[in-house]
Amino acid sequence: MSEAKRGTQQIWVKCWVTLHCTQPTKYYLPLEDNKLLDLQKCLTLEDILRLDLTSCRLVTLSACETGITDFTSTSDEYIGLPSGFILAGSPNVVSTLWAVADISTAIFMIQFYQTLQQSDLSVVLALRQTQTWLREATVQDLLDWIDSCAVISEERRGQMKFTLQWGKTAESKPFSSPYFWAAFCAIGQIN
């Protein structure tokens, strides 16, 4: 990963994470889509700490609970994936504090990256703007957004639209609950 990511400005990790119960530095990021987890094919926090991410502006960990640390040990509370990427040189990390829903997370992440690319906002302000946008978006707003979003495949577009419309009116705000947008947090540089 260090060779492939050298010079990369942004890294987006969207796989699930496992915390080793007895060793807080043993977080695992699966490197392949296997049904069985082979720990030899995982990127660990120890591996992350060996990376040189000084050219990377942002690491995004959009999977469930990527911002969680070992809550059973107060002495190791600061040890987690976000702090690992910060120590490896990335000035900003976006992660999640609880299990996140697939459709709202997909919409959130696409909009977040579009906001970053289309503005001069900092990571923190782009995250906040995206949170507000998702919270306030109506079903109709989201349907229009999906239709205009070039990065969503036609097949996925149909699935998303069906899910959004199921049992809702065009004026309802399906992601107004903090569950859908407040799990995302940023650590690192403010500007």
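Worth knowing before you read on, the calculation uses all heavy atoms, side chains too, and leaves out hydrogens, waters and symmetry mates.
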Q: Is there a donor-acceptor pair closer than 3.5 Å between any side-chain N or O of Trp181 and the backbone N or O of Ser176?
A: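 The answer is yes, because a donor-acceptor pair under 3.5 Å joins these two groups.
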Q: Lys173 versus Glu136: any side-chain heavy-atom pair under 4.5 Å?
A: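 Side-chain contact under 4.5 Å: yes.
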Q: List the steps, then state whether side chain to side chain donor-acceptor pair (under 3.5 Å) holds for Thr105 with Asp102.
A: CA-CA 5 Å; Thr105 299; Asp102 288 344; over 6 Å; no
Q: Which atom pair, heavy atoms only, marks the closest approach of Phe180 to Ser104?
A: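 That closest heavy-atom pairing would be CD2-OG, 3.4 Å.
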Q: Between OG1 of Thr130 and CD1 of Ile110, what distance do you get to the nearest 0.5 Å?
A: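 Between atom OG1 of Thr130 and atom CD1 of Ile110 there are 11.5 Å.
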Q: With rounding to the nearest 0.5 Å, note down the distance linking OG in Ser83 to CD1 in Ile187.
A: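 Rounded to the nearest 0.5 Å, the OG-CD1 separation comes to 6.5 Å.
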Q: Report whether Val124 and Val93 are members of the same hydrophobic cluster (ILVMFWY, side-chain heavy atoms less than 4.5 Å apart, transitive linking).
A: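 No, Val124 and Val93 fall in different hydrophobic clusters.
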Q: What closest approach, in Å, do Val100 and Ala63 show between heavy atoms, and which atom pair accounts for it?
A: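 Distance-wise, the nearest heavy atoms are CG2-C, 4.3 Å.
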Q: With hydrophobic residues grouped by side-chain heavy-atom distances under 4.5 Å, do Ile107 and Phe162 end up in a single group?
A: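 Shared cluster, no.
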Q: Would you compute the distance between atom CZ of Phe85 and atom CG of Leu58 and round it to the nearest 0.5 angstrom?
A: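 Rounded to the nearest 0.5 Å, the CZ-CG separation comes to 11.0 Å.
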Q: Are Leu121 and Val94 linked, directly or through intermediate hydrophobic residues, by side-chain heavy-atom contacts shorter than 4.5 Å (ILVMFWY only)?
A: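 In one cluster with Val94: Leu121, no.
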Q: Tell me, please, which residues at least two apart from Gln129 pass side-chain hydrogen bond (donor to acceptor under 3.5 Å, both in side chains).
A: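 Expected list: none.
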Q: With side chain to side chain donor-acceptor pair (under 3.5 Å) as the criterion, how do Thr60 and Tyr113 come out once you've worked through the C-alpha distance, each side chain's angles and the decisive distance to 0.1 Å?
A: CA-CA 10 Å; Thr60 303; Tyr113 273 93; 2.6 Å; yes
Q: Tell me, please, which residues at least two apart from Ala170 pass side-chain contact (heavy atoms from CB on, under 4.5 Å).
A: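 Partners of Ala170 by the side-chain contact (heavy atoms from CB on, under 4.5 Å) criterion, ordered by chain and then number, come out as Gln140.
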Q: Do Met109 and Phe184 have side-chain heavy atoms sitting under 4.5 Å apart?
A: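 Yes, their side chains come closer than 4.5 Å.
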Q: Does Ser172 use its side chain to pair, donor to acceptor, with the backbone of Pro174 at less than 3.5 Å?
A: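 Not a single qualifying donor-acceptor pair exists.
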Q: If I take atom CD from residue Gln131 and atom CZ from residue Phe108, how far apart are they, to the nearest 0.5 angstrom?
A: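 Going from the CD atom of Gln131 to the CZ atom of Phe108 covers 4.5 Å.
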Q: Once salt bridge (Lys or Arg N to Asp or Glu O under 4.0 Å) is applied, do any residues pair with Asp147, and if so which ones, sequence neighbours excluded?
A: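 With neighbours one apart ignored, the set is Lys161.
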Q: Indicate yes or no for a side-chain donor-acceptor contact from Thr66 to the backbone of Ser62 under 3.5 Å, with no hydrogens or angles considered.
A: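 Answer holds: no.
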Q: Kindly say whether Pro82 contributes a backbone atom to a donor-acceptor pair with the side chain of Ser95 at under 3.5 angstrom?
A: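 Not confirmed, Ser95 side chain does not pair with Pro82 backbone.
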Q: Of all heavy-atom pairs between Gly84 and Leu45, which one has the smallest distance, and what is that distance?
A: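 In terms of heavy atoms, the two residues are closest at CA-CD1, 3.6 Å.
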Q: Please name the pair of heavy atoms, one in Cys149 and one in Gln114, separated by the smallest distance, quoted to 0.1 Å.
A: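 Heavy-atom minimum between the residues: SG-NE2, 3.9 Å.
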Q: For residues 115-134, pull every pair meeting ring pair (Phe, Tyr, Trp, His ring centres under 6.0 Å), keeping only residues two or more places apart or in separate chains.
A: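 Sorted result for residues 115-134: Trp133-Trp145.
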Q: Who passes salt bridge (Lys or Arg N to Asp or Glu O under 4.0 Å) against Lys168, sequence neighbours left out?
A: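 For Lys168, no residue satisfies salt bridge (Lys or Arg N to Asp or Glu O under 4.0 Å) once neighbours in sequence are set aside.
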Q: When rounded to the nearest 0.5 angstrom, what is the spacing between OG1 in Thr96 and CD in Glu65?
A: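 Taking OG1 in Thr96 and CD in Glu65, the distance rounds to 7.0 Å.
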Q: Listed by chain and number, what are the side-chain hydrogen bond (donor to acceptor under 3.5 Å, both in side chains) partners of Thr163, not counting sequence neighbours?
A: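 Residues passing side-chain hydrogen bond (donor to acceptor under 3.5 Å, both in side chains) with Thr163: none at all.
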Q: For the hydrophobic clusters of this structure (ILVMFWY residues joined by side-chain heavy atoms under 4.5 Å, transitively), does one cluster hold both Leu125 and Leu116?
A: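 Different clusters: Leu125 never reaches Leu116 through Ile, Leu, Val, Met, Phe, Trp or Tyr contacts under 4.5 Å.
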Q: For Val123, does its backbone N or O pair with a side-chain atom of Asn92 as donor and acceptor, under 3.5 Å?
A: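 Not at all, since once roles are kept as given, no pair shorter than 3.5 Å links the two residues.
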Q: Can you find a heavy atom in the side chain of Ile146 that is under 4.5 Å from one in the side chain of Leu164?
A: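 Ile146 reaches Leu164 side chain to side chain.
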Q: Kindly work out whether a path of hydrophobic side-chain contacts (I/L/V/M/F/W/Y, heavy atoms less than 4.5 Å apart) joins Leu134 to Val151.
A: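 Yes, Leu134 and Val151 fall within the same hydrophobic cluster.
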Q: Could you give the distance from CZ (Arg157) to OG (Ser148), rounded to the nearest 0.5 Å?
A: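 Rounded to the nearest 0.5 Å, the CZ-OG separation comes out at 8.0 Å.
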Q: For Cys56 and Pro91, work out which heavy atoms get closest and say how close.
A: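 Nearest heavy atoms, Cys56 then Pro91: O-CD, 2.8 Å.
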